[in-house]
Peer 1: 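I am attaching a structure below and will ask some questions about it afterwards.
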Amino acid sequence: MGVRLAGGVVPPGGCGLWLAGPAGEPVALDNSVAGRTPPGAPVALGAAGATPDRVAAAVRALGNLVAAGGRLAAGAEVDLGHGFRSALLDGGRGDRRDAMLAALTTDPSALGAREAIVTALFGPRVTRRVGAAAGRAVEDGRWGAVKLAAAASDVLGPEQLEQVLAWEAPEGIDPFGTGLASDAAVHLERLTRDLPEPRRLSLLADLWRVVGADRVRAGRAERLRASQDGHGLDDLREVYHRLDDVSALTWVAGHYDGEPRAAQLIRHTFPPYGWLSGARRLYQDSLAVTLMGRLAEDATATGLAGALRRYAAALRLVAKMPSDRAVKLARRIGKVPARPAVWVMEIVPTLTGELTPKKEAYVAARLARARDWGTILLGELAEFADGLRSLDAASAGELRAWGAEPMTEWRAAFGYVSPERLDGWGQPGHDRAPLAERRPAGGEERIDDLVWMAELGDQVARLHGRERAEVGFDDDYPTVDPLTGPAEARPIEAGPVEAGPVAYLSITTALTGAAHLAELGGVVPGKPRGWAELVAGLYGSADVSQALTGRFPVPEVLLAQDGQEVPGTGLRVEVATTPRHLAAYSDFMGNCLNGSYYTREAELGTCVVLALRAPDRRIVLNVELVRRFGHWRIDQFKARFNADPDPGQDKAVRAWVATLPVPQPTPPDVPDLPPPGARPMRTVRRPTPAERVVREVGPVLRRRLSGLEAPVLVRLAHALPEPPRTRGTEAVTALRRADDAELDEACRRAFRAGMTVRELWHGTDERPLGAAIRKMGTRIAPLARDEPLPGALRPLARLPEVRLARTVDVVSIRVRAALGRLVAAEDPALARGLAAGPDVPTLCAMALAATALGVGAPIRRERPEAWRAATPKELTGRPVPRGPLRAPANWNWPAVWARAQRNDS
């Protein structure tokens, strides 16, 4: 029998191997069974002539071992009784140290001598001190430190392993994660082999610290999200609207004897409704919801009793804000009070006396609706602000007088949700400078600065698990979106959609992501001071930057499946269309999709990679599809850390793949043949230069440019005075046909609709045709320029993929020229677009353009390296003169520059 055990070991002569059958009965591993046995299967190894009772007992013990410690535990040669020992067949994942780590969680007494256990874990250089430190770590349950030490035993010395084994993690957290120590060892060796041992230890210590802190933060965010009810949003919105209606009708009833009839309301007009009372109600309720969200957040972190003590003054302050009449009306509307400020009033009595379980449940039930109330209030504030455009002079005067009141008392009691916003707060006002300009001179925050609106959005964003809301400044009020800001406080098990810095979900995922960047050509910095600096150096390598750009040529039949549900699984399909998708999948799943093999094969179009996501966006499975003989075939199909998929999911996914249509190959162009009997040509016509270019370059460009997308330019096209009908990339053609005035107006409309200058600047920096032909010689370089083409290139430019890509490149050049014209005109729409989410590269280019055009007043130059890297030439076509830099006054340069630096940090 040619069966081998793990590591290629041949079983000793006279020994037999037994598997556990479907019902747990022993199955002898002979030649007829071996061919159907999966690699790495657990087996019982014992004397070939053992009695059936002893074989059955050994197989039962093997089943108990696998149930307790997993498949790998069998590879630790555990004593199964009666001379039997556990083993693994060759071909499975994991090595001896993985098996020993798995078996240690079961019964260490069955693993043999302590010296053998320690040697299996940490290698032959291990010392008694390391063994003693490992024993203490196992007794304390610090498995993360034991796994990391086993993984690092190839790159660290015994003294350093002692330090690793002494590390402690926050309670309830295993920073190492669920990957294998042997895989982590391979990644560590690749990343740290050129670094001295002290530097390796400091990097691991920093990674251990950061992962622990991130897991604590992510766990807290997940508990905060779980604390929110989220099932009665519509009911709360309905009761709040009913309160608004009753308040308005009560106000109108003052002009009539009794409740007015519908006909009276239609025929007559009334003085403007009490805008001031409505604004006060929204303001008070917004502070109440912000306070409720903060209490829920603090209760998750430190407990409800401490949170109530810290914010007792703020609770009492909010409780005093509504009038007695307003409180009675709010309590009369529905089953629950129709205003969150009244909910806060009902929490105040719990501050006196002991916080009993009954009181705690009462308060928690109200705090659980903070996110719903915040969502409602943000919508009401936006609707209220829209109505301000039709405000009469008297009401406007009342609102301005009320808005000038300082917020000193509220800030003293509550503090700030987002104090970092204050220095850059640039919301314009009618009779005062923005807060960012007043603060240096000691100016106080006022109600009409509307910082409290942004803080309400930030608090709602945190209750959704995001870091903060996306806030933009408008003429009258800020725009607040709590669901589009940065999502750093993500669920622990939710992988990123796009690859950015390697996610610190666990040490195994961080090592996997960094090692795959190294495989793509990333260079480890010479002396990284921490793990973040090491990863930044890998991302900054030229080969990695090039590898993470571009798109894969995915067939349309598979792109159509993106977002569809796989029948019978509850999982939705996500098609990898860029290398960044593969990097994101690899970071979370702990597999090799980010490696050069899959990237190269996907770029060539020989395979397509899918992610199957659960309803909570967590990646469950990765599938690699290849096209073979008229159908799609699954080449690789794995769960996280290359585990096999669930049998039910496996069956359902394979059945779904069998139904996928396969695109038919395009028939080759067949030249027209002369009719039978015609006189053959005596000479062969030589192809023209245009035909040679199409023949030589056309297939390459069509492959590189397939699946082209330009979402920013598509949005801009639909901001034209006469927008195109199509929603695809073809819409960009409308921008190419537009004249300068229409392009300028499209940019203004896009900025008013919420597009930022940063988005438009970076969107026009993506030149797909220019990138595709950069390494293909200068003869086709004119394709990427906005100029008439020579005759030899016109047939190539008419290819569908090339035509669309050339349109994107040319439109990008013309849009940047339009931005230059808006800079020259000091356009207010451009100023609004700059203030919303700026970044340093975009601001530098805009300011250099203003300097070249002689627009605005001098500004101070900071961060010289950023200015040297800026590229303003396409904005003006002029060189930047020597002298001070300039920027228009309506850009509010100090505040915008400060925000841009924070966004880039």
Side-chain angles (χ1 to χ4, degrees), residues 551 556 690 693-694 697-698 701-702 704-773 780-825 827 829-830 833 842 845-846 849 871-877:
R551 296 186 64 82
E556 290 292 336
V693 170
V694 172
V697 180
L701 283 182
R702 297 188 73 168
R704 291 185 179 181
L705 298 173
S706 63
L708 174 65
E709 292 182 2
V712 174
L713 294 181
V714 171
R715 287 174 57 192
L716 184 64
H718 287 280
L720 283 166
E722 295 184 6
R725 295 181 180 180
T726 177
R727 290 284 174 181
T729 311
E730 287 286 350
V732 181
T733 306
L735 291 173
R736 188 172 182 180
R737 295 170 180 164
D739 58 24
D740 289 351
E742 290 172 329
L743 272 180
D744 295 352
E745 181 59 25
C747 292
R748 293 189 189 96
R749 291 185 176 192
F751 295 147
R752 295 191 193 105
M755 182 182 289
T756 66
V757 175
R758 174 184 184 177
E759 289 177 309
L760 192 54
W761 179 257
H762 291 293
T764 55
D765 196 34
E766 298 175 1
R767 312 287 172 83
L769 183 58
I773 68 177
I780 61 173
L783 281 172
R785 297 197 285 264
D786 188 8
E787 60 185 31
L789 291 175
L793 293 181
R794 290 174 188 170
L796 182 62
R798 285 194 289 268
L799 296 177
E801 293 85 355
V802 180
R803 175 186 57 78
L804 187 57
R806 186 163 190 264
T807 296
V808 171
D809 280 31
V810 170
V811 167
S812 296
I813 296 171
R814 294 181 184 178
V815 169
R816 290 206 168 180
L819 289 175
R821 292 191 293 272
L822 296 182
V823 171
D827 193 279
L830 177 72
T842 306
M846 295 293 133
T871 55
K873 185 177 180 181
E874 289 181 333
L875 293 169
T876 65

Peer 1: Under a 4.0 Å threshold between the charged nitrogen and the carboxylate oxygen, would Asp765 count as salt-bridged to Arg816?
Peer 2: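 Here Arg816 pairs with Asp765 in a salt bridge, since their nearest N and O are under 4.0 Å apart.
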Peer 1: Give a yes or no on whether Glu787 atom CD has more than 12 heavy-atom contacts from other residues, nucleotides or ligands under 6.0 Å away.
Peer 2: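 More than 12 within 6.0 Å, yes.
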Peer 1: For side chain to side chain contact (heavy atoms under 4.5 Å, CB included), just list the numbers for Arg767 and Ile813, CA-CA rounded to whole Å, side-chain angles, deciding distance to a tenth of an Å, and then say yes or no.
Peer 2: CA-CA 9 Å; Arg767 312 287 172 83; Ile813 296 171; 3.6 Å; yes
Peer 1: Counting only heavy atoms not in Glu742, do more than 12 sit closer than 6.0 Å to its CD atom?
Peer 2: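 Enclosed: over 12 neighbouring heavy atoms sit under 6.0 Å from CD of Glu742.
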Peer 1: Any side-chain donor-acceptor pair under 3.5 Å between Arg758 and Thr842?
Peer 2: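 On atom types as modelled, these side chains do not qualify, holding no pair under 3.5 Å.
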Peer 1: Considering non-hydrogen atoms only, spot the tightest contact between Ala731 and Ala717 and give its length.
Peer 2: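 Closest pair (atom of Ala731, atom of Ala717, distance): O-CB, 3.4 Å.
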Peer 1: Roughly how far, to the nearest 0.5 Å, is CZ of Phe751 from OG1 of Thr756?
Peer 2: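 If I round to the nearest 0.5 Å, the distance is 8.0 Å.
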Peer 1: Can you check salt bridge (Lys or Arg N to Asp or Glu O under 4.0 Å) on Arg803 and Glu730, steps first, answer last?
Peer 2: CA-CA 10 Å; Arg803 175 186 57 78; Glu730 287 286 350; 3.0 Å; yes
Peer 1: To check you understand the geometry: which heavy-atom pair defines the closest contact between Leu713 and Ser812, and what is its length?
Peer 2: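 Of all heavy-atom pairs spanning Leu713 and Ser812, the closest is CD1-OG, 3.7 Å.
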Peer 1: To the nearest 0.5 angstrom, please state how far the CD1 atom of Ile773 sits from the CZ atom of Arg806.
Peer 2: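 It comes to 9.5 Å.
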Peer 1: Please assess Leu769 against Val808 for the test side chain to side chain contact (heavy atoms under 4.5 Å, CB included), listing each intermediate value before the final yes or no.
Peer 2: CA-CA 8 Å; Leu769 183 58; Val808 171; over 6 Å; no
Peer 1: Measuring only between side-chain heavy atoms, which start at C-beta, is Leu796 closer than 4.5 Å to Leu783?
Peer 2: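 They are in side-chain contact.
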Peer 1: How far does CG of Leu760 sit from CZ of Arg715, to the nearest 0.5 angstrom?
Peer 2: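 CZ of Arg715 is found 9.5 Å from CG of Leu760.
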Peer 1: Where do Leu875 and Val823 land on the side chain to side chain contact (heavy atoms under 4.5 Å, CB included) test, with the steps shown first?
Peer 2: CA-CA 9 Å; Leu875 293 169; Val823 171; 5.6 Å; no
Peer 1: Roughly how far, to the nearest 0.5 Å, is CG of Leu743 from CZ of Arg736?
Peer 2: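 Rounded to the nearest 0.5 Å, the CZ-CG separation comes to 12.5 Å.
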Peer 1: When rounded to the nearest 0.5 angstrom, what distance separates CE in Met846 from CG in Leu830?
Peer 2: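 Reported value, rounded in 0.5 Å steps: 6.5 Å.
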Peer 1: Return the OG1 to CZ distance between Thr807 and Arg814, rounded to the nearest 0.5 Å.
Peer 2: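 The distance works out to 9.0 Å.
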Peer 1: Using every non-hydrogen atom in the two residues, find where Leu705 and Val802 come nearest and quote the distance to one decimal.
Peer 2: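 Looking at all heavy atoms of both residues, the closest pair is CD1-CA, 4.0 Å.
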